[in-house]
Structure formats: structure tokens, C-alpha cells
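Worksheet: one structure, shown below.
Note that the structure is predicted; figures quoted are calculated from it, not measured.
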Protein chains: 2
Amino acid sequence: MRKPAQPTINDVARIAGVSKKTVSRVINRSPLLNEDTRRRVEQVIAELGYTPNPQARALALRRNFLIGLIHDNPNAQMVLNVQHGLLEVLRDTEFELILHPVDRGSPTMLDDIRAFLEKQRPYGVMLLPPISENDSLAELCAGLGVRYVRMGSAPLDEAANMVASNDREAVRGAVEHLIAAGHRRIGLIAGPHGFRSAVERQAGYEEAIEAAGLPLQRTLIVHGDYRFESGMRAAERLLDLAPRPTAVFSSNDEMAAGVLHVAHQRGLTVPQDLSIVGFDDTPIASHIWPPLTTVRWPIATMARAAALKLVGGAGGARPGEDGEASLFVSTLIRRASVAPPPGAG
Amino acid sequence: MRKPAQPTINDVARIAGVSKKTVSRVINRSPLLNEDTRRRVEQVIAELGYTPNPQARALALRRNFLIGLIHDNPNAQMVLNVQHGLLEVLRDTEFELILHPVDRGSPTMLDDIRAFLEKQRPYGVMLLPPISENDSLAELCAGLGVRYVRMGSAPLDEAANMVASNDREAVRGAVEHLIAAGHRRIGLIAGPHGFRSAVERQAGYEEAIEAAGLPLQRTLIVHGDYRFESGMRAAERLLDLAPRPTAVFSSNDEMAAGVLHVAHQRGLTVPQDLSIVGFDDTPIASHIWPPLTTVRWPIATMARAAALKLVGGAGGARPGEDGEASLFVSTLIRRASVAPPPGAG
DNA sequence: TTGTATGCGTTATCAT
DNA sequence: ATGATAACGCATACAA
């Protein structure tokens with residue numbers, strides 16, 4: 001196999017009959033350049049198929065063009081949506097996305113991330129929930145001089161470092177939707193302790209209940225861990241109640257699917273016997289039967305905004321209007337899993 | 001914010017009282033080194049918290065430590081599983097994973113990938129199905145001197161460049177399972193034309209049907225595009241048949257979920273009225289109702305093997321037994337979506 | 001407007 | 001076993 005040696009800036013300079021610096025100026029779009037020489041150099045660049053070596057650039061500029069994505073696998077679809085949103089912005093820049101999944105259960109997580117940051121020295125990092133809620137992590141980044149953007153369920157940092165959704169309002173709206181359908185006993189499957197998203201979503205639930213003048217019953221609130229099985233367990237407890245709730249709001253779709261599962265097992269028909277509302281609008285929400293009413297938050301849009309905040313104008317990226325926003329609104333997607341409570345007809 | 005200047009090899013050399021080359025030797029585990037000096041240097045490295053600059057290394061070595069993942073979004077869970085398998089191996093090495101999603105519908109896909117390869121010059125790339133089936137793409141990598149590993153449903157390259165699953169056998173086993181349950185009219189939802197996986201899975205279906213001495217009926221074979229909606233459309237056509245099939249094998253879980261959806265819409269009970277088998281064992285398979293009997297292929301294991309093939313011993317990675325294998329077996333996961341055909345009791 | 005000298009942090013060559 | 005020096009490909013400071 002022949003060795004396809006990449007042409008370097010020297011080759012371009014030699015063939016174009018100029019100095020490397022001039023080529024460098026062309027590459028970096030220096031304004032003070034003779035139009036003739038620019039064209040000539042660009043011609044040679046095109047002929048040779050020359051591409052600047054990113055590593056050499058990084059070395060000379062004393063900064064690289066890596067954006068890190070640090071997360072602890074919230075859910076597959078979300079991670080992928082974030083990756084897509086990020087890459088959509090990064091694609092036209094010289095930045096690359098590198099991944100760094102971590103294990104929030106590990107006591108060495110912070111050290112692990114520190115090692116990653118010190119080794120790669122990424123230009124910036126994107127922090128996904130739930131670890132994005134960790135203030136020590138944000139401080140670690142700041143201390144190391146690595147810019148960061150956190151994604152979360154509420155504004156927990158300054159706008160420049162944050163893209164947030166309004167989980168509380170969104171859930172309040174979702175539960176109000178159930179109340180408007182006639183439900184009075186509404187169960188909540190809350191997220192795990194220590195998650196800001198869990199807190200926000202529960203707060204939204206409570207706000208809606210109280211605003212409607214309904215009693216806030218602790219037995220109607222069960223915690224899960226955002227996983228399918230925990231949704232099943234929570235549903236068991238909720239459906240064992242007498243009288244049992246006529247509707248359940250689940251803090252994410254996966255647990256909501258667990259509720260549906262249990263309902264099926266018990267011979268309950270959804271939504272006639274039990275209404276269910278989820279959160280996330282992952283693909284499973286529209287694929288299960290019946291299709292799930294759920295809250296959709298604009299993950300890809302938020303990721304794009306985050307990317308713009310991170311690279312903000314650097315490396316060819318242009319901050320768009322997305323770049324300014326840091327709070328994003330979620331919307332209720334109405335499907336077939338909600339109906340009036342039994343006997344309400 | 002203070003500038004946390006990284007210590008360089010020069011700092012280490014100066015403080016340890018040796019030359020940079022000696023430090024370099026320590027880092028790279030050169031065998032010819034005095035034990036004393038090695039320990040002394042390692043001590044200083046630890047004290048300073050020195051980490052070699054990957055960009056500078058890449059420049060000097062004329063090769064970088066990037067592994068690219070090129071894919072056209074087969075499905076979220078698969079992409080994520082691959083990422084995890086890859087990163088599991090890469091984590092202990094100096095390699096980083098960079099992403100490059102593409103659009104196989106675009107006529108410029110190959111040019112786009114070429115630009116990516118020429119710019120980043122990754123050490124190696126991992127190609128996911130379906131674009132991994134594209135021979136021109138493999139040739140492009142080879143021509144550019146970029147090593148690659150393809151992931152696919154059958155061995156379509158030499159072992160060093162391939163991790164393959166045995167889709168054909170796996171599907172054959174799955175359909176035989178249906179036949180053993182008593183089914184004689186078994187529908188197939190095939191994958192889209194142009195996909196090797198679609199060909200292999202259809203072949204497995206046909207082998208099972210013929211081996212059982214059943215008639216191979218073209219009306220029982222409908223093509224989908226691996227997406228949920230296409231599964232619904234295919235199911236409509238299959239269930240409109242008279243007599244209708246008593247079982248359906250779907251070439252992936254997402255389409256199988258579509259079948260389940262249509263069955264529900266038509267008031268058919270699964271598995272009593274209709275048995276369904278899927279392929280992939282994505283989370284949705286176990287989360288829908290009833291839980292789906294499906295074929296699981298060892299994606300993460302395959303990805304680990306691929307990573308070992310790519311970095312093979314380089315950069316601290318040690319080829320394990322995974323590294324040798326290039327053919328991986330899938331297994332049938334039996335859940336609740338299969339029963340004897342109606343009236344068979 | 002363009003060129004020269006120098007540095008970025010590392011490894012390779014060839015000494016000693 | 002260790003060190004001086006020259007790459008690697010690019011950018012910056014300073015001249016011209």
C-alpha cells in the first residue's frame with residue numbers, strides 16, 4: 001500500500017512560491033492579504049488537497065479543538081439526541097466531539113473526570129444530567145480553566161454555563177391535564193433522591209394538585225430510579241392502594257412503560273381503567289400500546305444551544321439566536337393514554 | 001482565574017535533573033533505563049501531576065490516537081452499546097473516540113467521509129451497519145491508510161477488518177422455534193433492500209421454512225425499512241391476508257413493536273391470536289406488552305473485539321481473546337410473545 | 001502586504 | 001544508559 005503522505009503547509013508554500021506564513025494567513029483568513037496571492041495559494045491548496053493538521057494547530061495555538069461530552073447514561077435516546085445536536089453545530093467547525101461516560105456510583109468519579117480533563121484539556125465540556133447537577137464538578141471544570149455547559153431541569157448556573165428546561169411548569173401542565181380530564185386521585189412516580197429533575201418534577205406535580213384544591217397524599221407518591229423495573233415496582237404499590245389512583249404521572253417514560261406493563265398484568269385497560277402520563281417523549285412513548293401522553297423537551301435544540309455557548313464564534317461557529325437562550329420550554333404531547341376516570345362518563 | 005499551566009516534559013526533566021529524552025523514555029517504558037533514574041523521574045512526574053500532551057505526541061509520532069465511529073444511526077441503543085464497548089477498551093489506552101454520523105441518503109456521503117478521514121487522519125475507524133456493507137467505503141479507508149473494522153450481519157471482509165454476527169442462523173433458529181410451537185403460516189417482515197442484514201435474515205427465514213417442508217409464500221413476505229411505522233404498514237398487509245398468518249417474524253424489534261401496535265388496534269391478543277418474534281433485543285423488546293421473544297446479538301462484545309482489532313496492542317491495549325474472534329453468535333431470548341397458534345390446543 | 005526567526009511539547013537520530 | 005539536536009506542522013512576534 002502506497003503511503004499517501006499528507007501535503008503540509010510547506011508543500012503549499014513551496015509550490016505557490018510564498019512563505020509558510022502567507023499560507024497560514026490564507027488558512028486563517030487574515031484580512032491583510034493581496035487578493036492575487038490569496039487566490040494563488042488557494043488554488044494550490046485545492047490542487048494538493050491540503051488540509052491543516054489539527055494536532056499541529058492545537059500545539060501551536062496552545063489549545064485544542066475538542067469538546068467533551070461527560071455523562072452517566074441518563075437514557076440512550078437522550079444521549080444520542082444530545083450528540084446529534086452537538087455535532088450539528090460542531091460539524092461546520094474544526095471542533096471534534098469526544099465522549100467520556102462515567103459512573104456516578106463510583107467514588108473516584110471526580111478524580112476520573114479530573115484526569116480526563118487534565119490529559120485531554122478539552123476546549124469545553126458538556127455535562128448531562130444527572131451529574132450536571134453536581135456543583136463540585138462544575139467547580140472542577142472552572143478551576144481547570146475548562147469551559148463547560150450544564151444541561152438540567154432548572155437553571156442552576158449562570159446562563160453562559162447552562163441550558164435548562166422548565167420541568168416544573170411542564171409537569172404542572174401535564175398533571176393539570178389529568179385533573180381537567182376529571183381525575184382526583186393521581187399517583188406520582190417520582191425520580192430518585194438526589195436528582196434535581198426529580199425534585200422539579202415532583203414540585204410541578206404538587207403545584208398542580210394544590211392549585212386544584214386537591215389533597216396532597218403521601219401514599220400517592222412513590223419513588224423510582226428512572227428505570228423500567230422501578231416503574232413496575234412503583235406501579236405495584238400504587239395499584240395496591242384502596243381506592244387506587246385513576247391516573248399516574250411518571251417522571252419519565254421508561255417508568256411509565258413499567259406502569260403500563262403492570263396494568264396489563266393486572267388486566268387493567270389503559271386508559272379506560274387507568275390514565276398514564278410520562279416524561280421525555282422517548283421513542284418508546286409512541287411505540288407502546290396505547291401510545292403514551294408525555295412531555296417532550298427539546299433536547300437537540302438545547303444541545304445545539306450548548307454547543308454554541310461552548311465554541312461561541314470560535315473556529316468558524318457563529319452564535320445564532322439559539323446561542324442566547326438558556327431556558328427552553330417543554331410541551332405536552334397528547335396521545336391515547338389519558339381518558340376520564342372510570343365512572344366519570 | 002489563575003492560569004493552571006500544565007507542567008511539560010521540560011519541567012520534569014529540569015527538576016529530575018535529567019534530559020527530556022530520558023523522561024520520554026520513562027513515559028514510553030523504554031527497557032534500557034537505569035532503575036534509579038526511572039524511579040526518580042517517576043517520582044517527579046507524580047509530584048508535578050505531569051501528563052504528556054497528546055497533541056504534541058501525535059505531532060511527533062506522525063500519527064494520532066483517535067478512533068472514529070462512522071455510522072448512519074441504525075438505532076439508538078445499538079449505537080450507544082457500540083460506543084460503550086469501544087470505550088471500555090479505549091479507556092485504558094491513550095486513544096479517544098470521535099464520532100462521525102453520516103447520512104447515507106446523501107450523494108456526498110463518501111466525499112464527506114473522505115474529508116473527515118483526511119482532516120482528522122484517525123488511527124482507525126469503526127464502521128456500523130448498514131454503511132459498513134459499503135465496499136467502496138472500506139476501499140476508501142484502505143486507500144487512505146486508515147485501518148478499519150466493519151460490523152455486520154455476515155463476514156464480508158477479512159477477519160482483521162470484521163466483526164460479524166451470524167444473523168442467518170439466528171433467524172433460522174427463531175423461525176424454527178415458531179414452527180416447533182405449531183405455526184405453519186409465518187409472516188416475515190424483511191428489512192429494506194440493499195441491506196445485507198435484511199438479506200441474511202430473510203435467508204434464515206427461508207431456510208427454516210424450507211427445512212420444515214413448508215411452502216414458501218411470497219405474500220407472506222413484506223419489506224419494511226427497520227422503522228416502527230414500516231412495521232405497522234407491513235403488519236396491516238400481513239393481517240389483511242386470508243387466511244392470515246398465525247405468527248410473524250420481524251427483522252428487528254422496532255418493526256415488531258409496530259406489529260404489536262396493529263394487533264392491538266385490531267383487537268388481536270398476542271400471543272394467543274398472533275405470535276411475534278423480533279430481532280435485536282433492544283430495551284423496547286422487554287418493555288412492551290407482552291414482552292417480546294427476540295434475537296439478541298452481542299453488540300458490546302463485538303464492539304470490544306473491534307476496538308482490540310483497531311488498536312491491537314498499540315497504546316497500552318492488549319489483545320485479549322476477544323481480539324481474535326470475528327464471528328459472534330446470537331441467541332434467542334424467549335419471552336411471552338410466542339404461543340401455539342389459535343385452535344392448536 | 002509578506003518574510004524570518006522562534007516556539008509549542010514530544011519523539012527520533014545519533015552521538016557519547 | 002543518557003544527552004544534544006533536529007524534526008513534526010503550524011502560528012506568533014517582529015521585521016522588512
Distance test, side-chain N/O of A/T22 to OP1/OP2 of C/dG3, below 4.0 Å: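 Looking at the OP1 and OP2 atoms of C/dG3, one of them is under 4.0 Å from a side-chain N or O of A/T22.
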Below 4.0 Å: OP1/OP2 of C/dT4 and any side-chain N or O of A/S19: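 So the side-chain polar atoms of A/S19 never come under 4.0 Å of the phosphate oxygens OP1 or OP2 of C/dT4.
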Nucleotides 6-16 of chain C: protein proximity per nucleotide (B base, S sugar-phosphate only, - neither; heavy atom, under 4.0 Å): -BBBBBB----
Whole-Å gap separating P (C/dT2) and CD (A/E35):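 Rounding to the nearest Å, CD of A/E35 and P of C/dT2 are 10 Å apart.
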Atom-to-atom span, CZ of B/R121 to C1' of D/dG9 - whole angstrom: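 Going from CZ in B/R121 over to C1' in D/dG9 covers 14 Å.
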Residue pair B/L86 / B/Q83, side-chain heavy-atom distance below 4.5 Å: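 Not in contact.
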Exercise: identify the closest heavy-atom pair between A/F116 and A/H100: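 Smallest interatomic distance, heavy atoms only, reads CD1-ND1, 3.4 Å.
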Between [X] and [Y] (salt bridge meaning N to carboxylate O under 4.0 Å), is one present in this structure?
{"X": "A/R57", "Y": "A/E94", "result": "yes"}
{"X": "A/R39", "Y": "A/E42", "result": "no"}
{"X": "A/D135", "Y": "A/R150", "result": "yes"}

Aromatic contact, A/F65 with A/Y123 (centres under 6.0 Å):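 They do not qualify: ring centres at least 6.0 Å apart.
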